[in-house]
J.: 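Below is one structure. I have some questions about it.
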Protein chains: 2
Amino acid sequence: MNQRQTVAERGGAGRPGKNGDGAERHEEIHRSISDAIIEHRLRPGARLREDALAEVFGISRTGIRKILQRLALEQLVTLTPRRGASVTRPTADEAKDVFDARQMVECGLMPEVARRITDDDLRELRDMARRERQALKSGEQSTAIRLSADFHARLARISGNATLADFVERLCSRSSLILAVYGNPGHLGCESHDHDDLIGFLEAGNGERAQAFMGRHLKAIEASLSIVEEEVEAPDLHRIFAD
Amino acid sequence: MNQRQTVAERGGAGRPGKNGDGAERHEEIHRSISDAIIEHRLRPGARLREDALAEVFGISRTGIRKILQRLALEQLVTLTPRRGASVTRPTADEAKDVFDARQMVECGLMPEVARRITDDDLRELRDMARRERQALKSGEQSTAIRLSADFHARLARISGNATLADFVERLCSRSSLILAVYGNPGHLGCESHDHDDLIGFLEAGNGERAQAFMGRHLKAIEASLSIVEEEVEAPDLHRIFAD
DNA sequence: ATGCGCATCATTGTATACATATCGGCGGCC
DNA sequence: GGCCGCCGATATGTATACAATGATGCGCAT
């Protein structure tokens, strides 16, 4: 059905395989799925069938597999050998690792960020923080979560170190998954004014305080999680017969 | 032609599609290419044609593409849209970013490593350091480079944080590429006894000193590089007419 | 002789077809 | 009546065929 729409769309271009770039299409699809996961529109554990995705986005399974693979390397989806893809359900250990990593890297980046930050950066960060507060107020939790992740990633990028910024970006994406599994509904540990306070320290060029504040901020988020191993599926048998 | 050989090889197993796992084969191939790059048997800039690789490893292009994609995400190879894959040639900026990242993460991990390290770990690390020294002495520079990267990665893994350990592992791989481009032949900044000294601090449980030493160690490696943008290909024209 | 344009070729991008393994239900057997 | 095993369905893994694009080399014109 939508298959038809898809075909029409591509065919409508009149040039099959025309195209400035099919790769951009892939980028776009990747972003779509990625956002859906980060915004919790796709919950951890949700299965992602290749056929279904191929149909939805109007490309063949080949392209979808490529994208799923990339998502798997970013640890947003889990690829089980003969079972297909599903949204990753982070374990408690992984959650701890991710937050420890954020603690080290994001805090460590703050001094350099304070040194390099420009007025344009400050303006953009303020805007992001404002939109995040707004989303939170109007109950759009999905949007708020994504904006929060975006904020942290954007911040890291100001450091000028692309490698570390990419890493932080991925950590933030994974954090979003962790929130989906261990977070308390209706309360995402991120206090709404935290980001604004942080911007204040950075504007003052006070990297030290920004670093310390980021540390507390992350600790607060982590502390708001209810990390209890769910142990839902067939756990007892293995444990009982472990010896 | 070689197609036949391939078929024979797989058919030789008697079970077409038999197989403990085809995925393990992929893992193996990934490792093969990865090692070749890290050991500088494939130099930066070297082209990696899909057909050729498919032929060498006896699988079809589909599998090769999957592997190349993964290598691209690990930034060991660069995928140029219609031009295919080649071994990544890191820029000077990337080199700086990678070493800054290593400085932050590897040093930051040392205290935790010192806290958690076991006798088995120490034994293994000593063995790796020994083999590295030995390789260096006998002129097997390729092996020495890989062992050095392995050493740093192994060290990071002791911290117990898989996420950070994976990150360090990738940073070390990229460092190997950086060495290939900017390193001085016959002299890889890594002093042969450095790793042994580091092990000593860790054995003493002195995380602080290990951290400081790691910092100097990495700085020394970075300082040994000749980071001069090569500017080989068609550089002058752009620069001359830049205005 | 040199520079431009065109045709061919080599190589990647995409889709599809086929093989294979797992999951679910059903029937037979104990 | 319940459990084991088989069989069909579904979805993934792999290979191959086809299409499109950029590179290369040749020929022609100036």
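Just the heavy atoms: all of them, side chains too, but no hydrogens, waters or symmetry mates, feed the values below.
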J.: Less than 3.5 Å apart, any donor N or O on the side chain of A:Arg102 or A:Ser175 sitting next to an acceptor on the other?
T.: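 Checked: A:Arg102/A:Ser175 side chains pair up, N/O donor to acceptor below 3.5 Å.
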J.: Using atom names, set out every protein N or O paired with an N or O of nucleotides 5-11 of chain C below 3.5 Å, distance rounded to 0.1 Å.
T.:
{"residue": "C:dT11", "atom": "OP1", "partner": "B:Arg49", "partner atom": "NE", "Å": "3.3"}

J.: Please give, in whole Å, the distance from D:dT14 P to B:Ile29 CD1?
T.: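 Nearest whole value for this atom pair: 10 Å.
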J.: Tell me which residues in residues 62-72 of chain B lie within less than 4.0 Å of DNA chain D, going by non-hydrogen atoms.
T.: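 Contacts with DNA chain D under 4.0 Å: B:Thr62, B:Lys66.
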J.: How close or far is atom C1' of D:dT10 from atom CG of A:Leu53, stated in whole angstroms?
T.: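 Value for this atom pair: 16 Å.
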J.: Assess whether a salt bridge exists between A:Asp121 and A:Arg154, defined as any Lys/Arg side-chain N lying under 4.0 Å from an Asp/Glu carboxylate O.
T.: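 Counted as a salt bridge, because a side-chain N and a carboxylate O are separated by less than 4.0 Å.
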J.: Would you list the pairs meeting salt bridge (charged side-chain N to carboxylate O under 4.0 Å, His left out) in which at least one residue belongs to residues 70-81 of chain B, sequence neighbours left out?
T.: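 Sorted pair list: B:Glu27-B:Arg70, B:Arg70-B:Glu74.
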J.: What is the separation between atom CZ on A:Arg61 and atom C1' on C:dA19, rounded to the nearest whole Å?
T.: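 It is 12 Å, rounded to the nearest whole Å.
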J.: Would you please name every residue forming a side chain to side chain donor-acceptor pair (under 3.5 Å) with B:Thr88, sequence neighbours left out?
T.: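 Only B:Thr78 meet the side chain to side chain donor-acceptor pair (under 3.5 Å) criterion with B:Thr88.
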J.: Distance alone, cut at 3.5 Å: any donor-acceptor contact between the side chains of A:Ser226 and A:Asn184?
T.: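 Present: a donor and an acceptor within the cut-off.
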J.: Would you mind listing every ring-ring contact (aromatic ring centres under 6.0 Å, His included) that reaches into residues 155-179 of chain B, with sequence neighbours excluded?
T.: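 Qualifying pairs, neighbours excluded: A:Phe167-B:Phe167.
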J.: Check this for me: does any side-chain nitrogen of one of B:Arg123 and B:Asp120 sit under 4.0 Å from a carboxylate oxygen of the other?
T.: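 Here B:Arg123 pairs with B:Asp120 in a salt bridge, since their nearest N and O are under 4.0 Å apart.
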J.: What pairs meet the salt bridge (charged side-chain N to carboxylate O under 4.0 Å, His left out) rule with one or both residues in residues 156-166 of chain B, with sequence neighbours excluded?
T.: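 Sorted pair list: B:Arg157-B:Asp166, B:Arg157-B:Glu169.
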